[in-house]
Amino acid sequence: MSIKILNPGVLTTVQDLGRMGFQKYGVVVGGAMDSYSLRLANLLVGNSEEEAVLEVTLFGTKIQFEKDMVIAITGGDLQATMDGKKAVMWRPIWVKKGSTLHFKSAKKGCRAYISFAGGLSISNIMGSKSTYLRAEIGGYKGRALQKGDVIECNKLGKAQQDLLKEIQHSGNHWMVNYHPLIHTEQTQQIRVIKGTEFDHLQAKSKEEFFHHPFKVTSNADRMGYRIEGPSLSLTAEVEMLSEGVTFGTIQLPPSGDPIILMADRQTTGGYPKISHVITADLCHLAQLQPMATIYFEEVSLLEAVQLMLEKEKMMDEIKVGLRLKRTKA
Amino acid sequence: MSDHQEKLLAEAVFKPLGDSALIVQIGIGIHPNIQKRVYALSEWMNCHPFTGFIESVPAYNNVTIFYHPIIVCQNAPANLTPYEFVCHYVKKVIKQLDIETNQQERCIDIPVLYGGKYGPDLEYVAQYHNLSVEEVIMIHSREEYLVYMLGFAPGFPFLGGMDEIIATPRKKTPRLSIEQGSVGIAGKQTGIYPLKTPGGWQIIGRTPLSLFHPSKSSPTLLHPGDKIRFVSISQEEFDRYREMSECL
């Protein structure tokens with residue numbers, strides 16, 4: 001036995017970097033909403049970046065450890081406590097058998113990620129361990145975690161055993177500086193590139209899209225965020241056939257309130273696409289709670305790619321840093 | 001490059017879908033010939049991927065191509081952005097695309113138990129058009145349908161070819177749950193629900209076949225380009241199909 005769910009909280013699921021290559025069959029990509037936090041969580045415990053972790057939403061999740069292990073918590077600050085004491089985020093933590101991890105409430109951000117050294121024992125379905133809730137496949141029994149669920153953890157490799165010993169004996173006092181990578185404030189400047197149908201917006205709507213705040217409504221989940229601000233309208237109805245959509249696509253349904261598509265989006269959509277959130281900012285978006293405020297800022301496609309490259313460079317630096325710490329240990 | 005390929009290239013419209021994908025539109029509207037082009041391009045991309053290619057997703061008249069911008073950057077000439085590189089690649093592909101020989105012709109019979117508890121809206125559809133229930137079944141099962149694309153849910157086919165005589169508006173209040181295998185009508189469309197889901201389609205029957213198999217290498221029963229025909233079956237036949245599928 002490894003970990004036991006005492007309380008699943010709002011929504012706790014197993015996620016990795018998503019199920020790719022099957023969209024042509026109508027199978028959604030899914031995966032972590034904040035993939036940078038997922039990758040960092042894995043790197044901190046010596047896993048490969050794409051290993052499956054738990055994605056915890058907002059509050060309430062309580063997990064008991066049934067053996068000694070090394071974990072890391074990243075993502076939003078959901079006020080995690082370990083046996084009642086504040087749990088440190090963004091660094092590996094050694095957990096004693098019998099301890100309980102509890103996420104009290106979201107102070108900053110919306111989703112936290114828990115990685116387990118060695119990974120969780122979850123089978124791979126169509127190339128991924130992510131939970132695809134609607135098709136009831138992947139993750140743990142294809143569903144959100146429930147009270148009483150027990151998930152096995154994989155055996156530790158040599159490097160991870162050494163890491164465990166190191167932390168167990170001397171503790172550690174360093175952590176990853178995530179600030180340039182992931183923002184968890186509830187008012188965010190989100191960068192977008194214009195979508196194909198942006199030019200079909202009325203002049204007033206075009207101006208409002210970039211100059212007025214939008215609020216994330218309570219209708220916001222892993223599939224998409226409905227946002228509210230000035231009601232946007234097109235100059236004329238656009239006749240559209242279904243075509244591909246992606247993580248970050250902002251669609252405008254006839255209601256006038258945009259929808260931002262998230263990790264569990266459908267594979268195709270038929271609403272006009274007014275914008276796309278750039279990949280580098282998707283993690284900030286993933287950390288927004290209902291009622292959060294978004295300001296959209298336009299960047300070019302080239303800038304979007306440069307920003308993504310910059311972020312990958314930061315990830316590479318963190319990887320090198322972690323490797324150096326390991327060799328010292 | 002043949003005249004046909006030249007025309008195809010001249011008509012192709014490229015547009016970015018965010019910073020990690022692009023859509024190439026190769027035709028206007030819904031037509032079996034456009035479906036063939038779309039399928040041919042999508043399959044060619046799958047079989048001849050560039051470095052950084054993730055996947056291609058065919059739709060009615062367009063293909064979406066997903067890529068890793070960073071991997072593309074590392075391998076593309078320095079003067080090209082990832083988007084430009086992928087556009088160039090796709091243009092090259094279109095120049096040599098063989099549309100006719102790429103697609104296998106498959107015709108698949110979909111057994112359907114029409115009406116009763118499995119098709120609660122069949123009578124409504126009949127009344128709506130002043131037809132008998134038998135006539136609706138006859139019209140629905142006499143046509144050959146083309147699978148244009150899969151989307152919405154795993155294995156959900158977007159079909160073309162329904163006779164407009166039985167086109168029926170969606171339900172005003174969607175059902176909270178439609179059973180897996182349900183066959184429905186929504187406006188001029190007809191389709192099959194591969195999974196249990198909420199939905200507003202008029203449900204006229206159910207197939208005992210399963211459309212989604214996550215453990216198989218080809219996870220869906222239907223593929224774009226397949227032709228299908230609905231075949232009316234009895235309760236006994238329905239039960240027999242179910243038993244057979246449990247043994248598989």
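Letters A, B, ... are given to chains in the order of the sequence lines, protein chains preceding strands, and every chain is numbered from 1. Keep in mind it's a predicted model, so treat the numbers as computed, not measured.
In terms of modelled atom types and a separation under 3.5 Å, the side chain of B:D19 and the main chain of A:T279 share a donor-acceptor contact. Judged by distance alone, with hydrogens and angles left aside, the side-chain atoms of B:E55 form a donor-acceptor pair with the main-chain N or O of A:F22 at under 3.5 Å. In terms of modelled atom types and a separation under 3.5 Å, the side chain of A:Q266 and the main chain of B:A153 share no donor-acceptor contact.
In this structure, the portion of B:I23 lying under 4.5 Å from any heavy atom of chain A is its side chain and not its backbone. Only the side chain of A:T196 comes within less than 4.5 Å of a heavy atom in chain B; its backbone stays farther off. Interface residue A:T249: only side-chain heavy atoms are found under 4.5 Å from chain B. In this structure, the portions of A:I278 lying under 4.5 Å from any heavy atom of chain B include both its backbone and its side chain. Proximity to chain B is limited to the backbone of A:V245, based on heavy atoms less than 4.5 angstrom apart.
For the pair A:E243 and B:Y60, the minimum side-chain heavy-atom distance is 4.5 Å or more. Side-chain atoms of B:P219 and A:Y25, non-hydrogen and from C-beta on, do get closer than 4.5 Å to each other. Within the 4.5 Å cutoff, the side chain of A:I137 has heavy atoms near those of the B:F212 side chain. B:P154 places a side-chain heavy atom less than 4.5 Å from the side chain of A:Y132. A:K24 places a side-chain heavy atom less than 4.5 Å from the side chain of B:E43.
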Does the side-chain contact (heavy atoms from CB on, under 4.5 Å) test come out yes or no for B:F66 and A:M20, once each step is laid out?
-> CA-CA 10 Å; B:F66 290 87; A:M20 294 195 231; over 6 Å; no

B:S20 and A:M308: side-chain contact (heavy atoms from CB on, under 4.5 Å), yes or no, with the steps?
-> CA-CA 10 Å; B:S20 312; A:M308 197 192 310; 3.9 Å; yes

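Most heavy-atom pairs under 4.5 Å with chain B, from the set A:H276, A:E312, A:K273: that is A:H276. Each of B:G151, B:P214, B:A59, B:S56 has some count of heavy-atom pairs under 4.5 Å with chain A, and the biggest count is that of B:P214. Chain A forms more heavy-atom pairs under 4.5 Å with one residue of B:L195, B:T81, B:L222, B:I65 than with any other, namely B:L195. Contact tally against chain A (heavy-atom pairs below 4.5 Å) for B:N61, B:I70, B:T197, B:T64: the top residue is B:I70.
Nearest approach of B:C73 to A:L309, heavy atoms of both residues: SG-CD1, 4.2 Å. Between B:P82 and A:V305, the shortest heavy-atom distance links the atoms CG-CG1, 3.9 Å. Summarising the geometry of A:G244 relative to B:N62, their closest heavy-atom pair is N-OD1, 4.2 Å, with the distance given to 0.1 Å.
A distance of 6.5 Å separates CE of B:M149 from OG1 of A:T267, quoted to the nearest 0.5 Å. Here the straight-line distance linking atom CD1 of B:I34 with atom CG of A:L241 works out to 9.0 Å at 0.5 Å rounding.
The environment of CD in B:Q96 is crowded: more than 12 heavy-atom neighbours from other residues, nucleotides or ligands sit within 6.0 Å. When the shell of 6.0 Å around NZ of B:K7 is examined, it contains 12 or fewer heavy atoms from other residues, nucleotides or ligands. When the shell of 6.0 Å around CG of B:L80 is examined, it contains more than 12 heavy atoms from other residues, nucleotides or ligands. Counting heavy-atom neighbours within 6.0 Å of A:E136 CD, excluding the residue itself, gives a total of 12 or less. Other residues, nucleotides and ligands contribute more than 12 heavy atoms inside 6.0 Å of the NZ atom of B:K171.
Both the sub-6.0 Å distance and the 45° axial angle are satisfied by A:R134 relative to the ring of B:F152.
Here B:K188 pairs with nothing under the side-chain hydrogen bond (donor to acceptor under 3.5 Å, both in side chains) rule; sequence neighbours left out.
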